Amino acid sequence: MNGLVITLKVLVAIVVLASTPLALKRRWRLFLAIPLAVLQVFVPGVEVAGVPIPLAFWGGLMLWPELVREFRVVATWKPTVYLLTIVALYIVSLLWSPNPKMGLQPIGYFLQFLVIFAAVVSEGRRDYRLILKLLMVTTALTGIEALLVVIGRIAPGIKLAFFLSPIAKWLITPNIISKLFSDTYNGLFDSTKSGGMFVNANVAATFLGVIACMSFGLALHFRKKWLGLASIMLLASVPFTGSKAGLMLAVAVPILMLHLMTLHYRAWRNRLRMIMAALLVAGTVGWFGPKAIRATQSDVYTQVGVFFQHSNKTLSVREKIWAYGAEAFMQHPFEGQGFGGWQQNFPKYARKVGIQSDVPPEDTIIYLWSRGGLLTALMGLLFMYEVLRISWHQIRDPDALAFGLSLAMLSAYLWTFVRGMGSNFGLLGDVHMSPILATLLALGYLQRRVDGKQATSNAFARPQQSAPDSSPGYPDSAPEPSC
């Protein structure tokens with residue numbers, strides 16, 4: 001009976017996905033896939049094989065006609081070729097997986113990434129300004145997450161009340177909601193952590209950082225001051241998550257962005273360097289300042305020591321997790337463990353070394369290997385390299401047509417990749433980040449294609465440049481899109 005119900009649900013899902021593109025315009029399907037990724041929106045009872053499916057995911061899959069139309073691009077451009085290979089390897093690994101059902105979700109989200117990428121490429125060739133407007137809406141919606149993070153850190157009781165409210169059931173995976181009071185790893189009751197709509201504060205910090213990087217790039221490209229201000233506010237909310245790695249990246253990544261701006265905007269070099277120094281000081285004061293206001297000098301040294309002590313403790317746990325990954329690799333180097341293999345074999349090791357038994361690998365590459373084998377991990381590394389290489393090349397090109405968008409792509413992916421080496425959201429970020437990263441990658445592809453072909457209809461062309469000191473706002477940016 002259960003098998004019949006699952007089959008009927010799958011058939012209904014196929015019918016909906018096949019018919020909806022005929023009734024819903026592409027711009028609305030893009031809205032469901034990109035801005036709505038911030039909120040996800042889980043409709044009660046909508047699930048496949050017991051896995052809750054958010055409305056944002058359905059919106060992404062509804063763009064499948066665009067994947068068919070742009071499949072040549074997806075099947076020939078190196079970054080997307082690597083992702084297609086990972087999907088194929090994941091499907092093959094189902095053959096030896098202890099729990100093949102666990103493979104449905106990651107395979108589905110890799111496919112969603114590719115579908116959104118293809119849709120943005122298709123729409124961008126026609127009118128890229130719609131895509132950038134959708135990203136602006138995404139920035140505005142992310143302000144809700146930033147506000148929840150700040151409130152949750154200042155008033156932890158409100159954080160708990162939010163997770164117990166009916167609204168949370170629409171914004172957070174029902175499977176996570178059901179485990180809130182049984183999973184001590186989620187940090188819900190830690191007053192020093194705040195994730196907003198995220199149970200995991202580290203993932204929240206990464207999401208806010210990715211959107212902040214994207215917003216800053218759009219601000220440069222469009223001379224939209226409110227986007228620049230929004231980027232600063234989102235970045236300022238990262239320390240409120242309580243994520244130590246998030247705080248470090250919230251200082252390091254913007255400094256790198258500002259350094260790249262000094263190379264591109266030579267007339268702004270001195271003032272940008274001053275901003276870099278101010279950011280470094282602000283990050284230091286923002287972390288240690290509140291603890292030192294009423295403290296003696298010795299107390300300040302103690303707080304610094306506590307910070308590094310907590311960091312070392314976290315790293316120590318992760319080192320034990322990675323040590324198991326090394327042991328498991330020696331046993332199954334080529335095929336990995338398959339889906340469910342880590343969850344089946346890790347608890348015994350965890351009990352032996354005295355750590356929590358239900359934690360994931362906490363590393364992108366180890367997770368890729370565990371699920372799909374050695375070749376899958378290699379494809380992940382190649383994808384990282386190619387994305388960073390492409391964005392770096394576009395940024396350093398003196399004739400770059402969209403410096404701000406390339407800077408957004410580089411910084412957002414760099415933040416995701418670096419944080420992924422100590423987290424469990426995978427190669428493409430979590431479900432909130434993945435559509436945004438797919439969009440940025442597609443914009444990077446469009447810029448590359450335009451540069452390579454010297455198209456006469458140039459969507460990324462710059463306006464007439466003016467002297468930086470004689471014009472307010474952001475330098476060398478594209479004209480504001482019309483509604």
Side-chain angles (χ1 to χ4, degrees), residues 82-83 86-87 89-90 92-94 96-110 173 175-176 179 183-187 198-207 243-246 311-384 415-431 433-434:
Y82 297 142
L83 296 182
I86 290 175
V87 171
L89 292 169
Y90 270 2
V92 172
S93 74
L94 295 175
W96 60 80
S97 295
N99 187 355
K101 181 180 173 181
M102 293 185 66
L104 297 179
Q105 189 173 38
I107 291 173
Y109 278 110
F110 267 90
T173 307
N175 292 346
I176 293 179
K179 297 178 182 178
D183 187 359
T184 56
Y185 196 68
N186 59 44
F198 297 79
V199 176
N200 190 317
N202 293 319
V203 180
T206 305
F207 174 69
S243 170
K244 293 179 283 294
S311 299
N312 290 334
K313 182 179 179 181
T314 302
L315 181 60
S316 176
V317 172
R318 288 197 170 105
E319 285 176 344
K320 292 177 180 178
I321 297 173
W322 298 333
Y324 167 74
E327 289 183 13
F329 177 80
M330 298 305 294
Q331 298 172 6
H332 310 281
F334 298 107
E335 73 275 22
Q337 298 172 302
F339 291 99
W342 182 280
Q343 289 76 8
Q344 183 183 75
N345 300 309
F346 179 75
K348 182 179 178 180
Y349 169 86
R351 288 190 294 269
K352 183 173 66 175
V353 298
I355 59 176
Q356 190 170 335
S357 62
D358 58 347
V359 297
E362 296 286 358
D363 181 272
T364 296
I365 302 304
I366 295 177
Y367 221 168
L368 286 170
W369 162 80
S370 176
R371 288 171 161 176
L374 183 60
L375 188 56
T376 305
L378 177 61
M379 291 298 105
L381 287 170
L382 289 174
F383 174 78
M384 292 179 182
W415 194 314
T416 303
F417 292 157
V418 171
R419 191 63 191 90
M421 294 306 173
S423 191
N424 61 348
F425 48 66
L427 181 64
L428 305 176
D430 91 315
V431 296
M433 306 173 220
S434 181

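The chain is numbered in sequence order, starting from 1. These numbers were taken from a predicted model, which means no experiment stands behind them. Both backbone and side-chain heavy atoms feed into the values below; hydrogens, waters and symmetry mates do not.
- Annotation: side chain to side chain contact (heavy atoms under 4.5 Å, CB included) contacts of Leu375 (sequence neighbours excluded): Leu89, Leu378, Met379.
- Listed by chain and residue number, Phe110, Phe339 satisfy the ring-ring contact (aromatic ring centres under 6.0 Å, His included) test with Tyr90 (two or more places apart in sequence, or in another chain).
- Counting only heavy atoms from C-beta outward, the side chains of Asn345 and Tyr324 approach each other to under 4.5 Å.
- With a 4.5 Å cut-off on side-chain heavy atoms, Thr376 and Arg371 do not count as touching.
- Taking OG1 from Thr206 and CZ from Phe417, the interatomic distance works out to 12.5 Å, rounded to the nearest 0.5 Å.
- Phe207 has its side chain out of reach of Asn202: every pair of non-hydrogen atoms, C-beta onward, lies at least 4.5 Å apart.
- Between the side chain of Ser243 and the backbone N or O of Gly246, at least one donor-acceptor pair lies under 3.5 Å.
- Shown here are the side-chain hydrogen bond (donor to acceptor under 3.5 Å, both in side chains) partners of Gln105, two or more places apart in sequence or in another chain: there are none.
- Residues Trp96 and Glu335 approach most closely at NE1-O, 3.2 Å, considering heavy atoms.
- By the side chain to side chain contact (heavy atoms under 4.5 Å, CB included) test, Asp430 pairs with Phe198, Val203, Phe425, His432, Met433, sequence neighbours left out.
- A pairwise comparison of heavy atoms in Pro98 and Gly338 identifies CD-C, 4.3 Å as the closest pair.
- Geometric assessment of Arg351 against the ring of Tyr349 yields a negative cation-pi assignment under the 6.0 Å and 45° thresholds.
- In this structure, the side chains of Asn424 and Thr364 stay at 4.5 Å or more apart for every pair of heavy atoms.
- Smallest separation of non-hydrogen atoms from Ile366 and Pro361: CG2-CB, 3.7 Å.
- Considering only heavy atoms from C-beta on, Thr416 stays 4.5 Å or farther from Leu427 through its side chain.
- Atom CE of Met384 is separated from atom CE of Met421 by 3.5 Å, given to the nearest 0.5 angstrom.
- Legend: residues meeting side chain to side chain contact (heavy atoms under 4.5 Å, CB included) with Phe329, ordered by chain and number and at least two apart, are Pro333, Trp369, Leu374.
- A distance of 5.5 Å separates OG of Ser423 from CG of Asn200, quoted to the nearest 0.5 Å.
- Residues satisfying the side-chain hydrogen bond (donor to acceptor under 3.5 Å, both in side chains) criterion with Ser370, sequence neighbours excluded, are Gln337.
- Distance CH2/Trp342 to CE/Met102: 12.0 Å, rounded to 0.5 Å.
- The side-chain hydrogen bond (donor to acceptor under 3.5 Å, both in side chains) check on Tyr109 picks up nothing, with sequence neighbours excluded.
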